[in-house]
Amino acid sequence: MGGDRGRLTGPAEQVAPGLLGALLVAGPVSVRLTEVEAYAGEADPGSHAFRGRTPRNAVMFGPPGHAYVYFSYGMHWCLNVVTGPEGAASAVLLRGAEVVEGIEVARERRPGAPDRDLCRGPARLTRALGVSGEHGGLDLLDGRSPLRLVLPGAPAGAVRTGPRVGVAGEGAATPWRFWLDGEPTVSAYRPAVRRARAGGSPP
DNA sequence: ACGCCGATGTCCT
DNA sequence: GGACATCGGCGTT
């Protein structure tokens, strides 16, 4: 059978809500996912795969269940789970979670943060878990992996949807952000900033 | 609630 | 060469 890898094979926006409630394990710290976003391949203007394959996004074009980790704004790491069949270049960004084990370690990594903020936001999540570029490409479904994903045995609860954070333009129309209703660890919605384009802005 | 920036890799021109 | 990034922390209202 396909098992958990089969559950990650399919359109990213259909796979994504199934990740809510999943356990993500990184050494001493375990978290339960409460918020995710789907990025659906080369046709999705919000996706890193939109302009085709590059060295950075190559993992997205591989088999499902692997970690796509990228560096942003000169200081943050963000973690995605590759989904869909191999070649689909789809992924789900992990945006929010609740720490269920190893909270002492997570607190040390996020000094001063209230517990509900430890993993509230994609870059906060990677910091609390100690995830960085070296985790890129890991098979999250391999029991020996230092970064592991355990899918939920049953639907996690009421799922809400809305537009993705930080995605502007056409990609902003698709409500491919998913979160668990009522969870305090879901990040605040922040509309994407439309920057002025070089070469002429309207008066 | 909102505004301002940081500090650097990636990719387009 | 240069825009800009799947963002976050800190400051001010």
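Just so it is clear, the structure is predicted and the values come from calculations on it, not from any experiment. Proteins come first, then strands; the chains are lettered A, B, ... in the order of their sequence lines, and each starts at number 1.
- Listed nucleotides C:dG8, B:dC12, C:dA5 differ in distance to A:Tyr73; the shortest reach to its side chain belongs to C:dA5.
- Set against C:dG8, B:dC11, B:dG6, the side chain of A:Thr54 has B:dC11 as its closest nucleotide.
- To the nearest angstrom, P of B:dC11 lies 5 Å from CZ of A:Arg56.
- Among B:dG6, B:dT10, C:dC7, the nucleotide with an atom closest to any side-chain atom of A:Met75 is B:dG6.
- Regarding A:Tyr70, its OH atom lies at a distance of 13 Å from the C1' atom of C:dC4, rounded to whole Å.
- Remark: A:Arg127 is not in phosphate contact with C:dC7, judged by side-chain N or O atoms under 4.0 Å from OP1 or OP2.
- One can place CG of A:Leu93 at 7 Å from P of C:dC7, the figure rounded to the nearest angstrom.
- Atom-to-atom, CG of A:Asn57 to P of C:dA5 comes out at 16 Å; the value is rounded to the nearest Å.
- Both A:Leu138 and A:Leu79 belong to a common hydrophobic cluster when Ile, Leu, Val, Met, Phe, Trp and Tyr are linked at side-chain heavy-atom distances under 4.5 angstrom.
- Paired with A:Asp139 under the rule side-chain hydrogen bond (donor to acceptor under 3.5 Å, both in side chains), one option of A:Arg148, A:Arg144, A:Arg5 passes, and it is A:Arg5.
- Judged by Watson-Crick or G-U wobble contacts below 3.5 Å, the nucleotide B:dA7 has no partner.
- Base engagement by A:Arg190 is indicated by at least one non-hydrogen atom pair under 4.0 Å involving a base atom.
- The CG-C1' distance, from A:Leu125 to C:dG8, rounds to 14 Å in whole Å.
- Spacing between atom CH2 of A:Trp77 and atom P of B:dA7 amounts to 17 Å, rounded to whole angstrom units.
- A:Leu8 and A:Val82 are members of different hydrophobic clusters when ILVMFWY side chains are connected at heavy-atom separations under 4.5 Å.
- Note that OG1 of A:Thr34 and CZ of A:Arg95 are 10.5 Å apart. Values are rounded to the nearest 0.5 Å.
- Residue A:Arg164 is classed as having no contact, given no heavy-atom separation below 4.0 Å to the nucleic acid.
- In this structure, A:Phe71 atom CZ and B:dG9 atom C1' are separated by 7 Å, rounded to whole Å.
- Looking at A:Tyr39 and A:Leu93, their side chains come closer than 4.5 Å, going by heavy atoms from C-beta outward.
- Here C:dC10 presents its P atom at 10 Å from CZ of A:Arg110, a figure rounded to the nearest Å.
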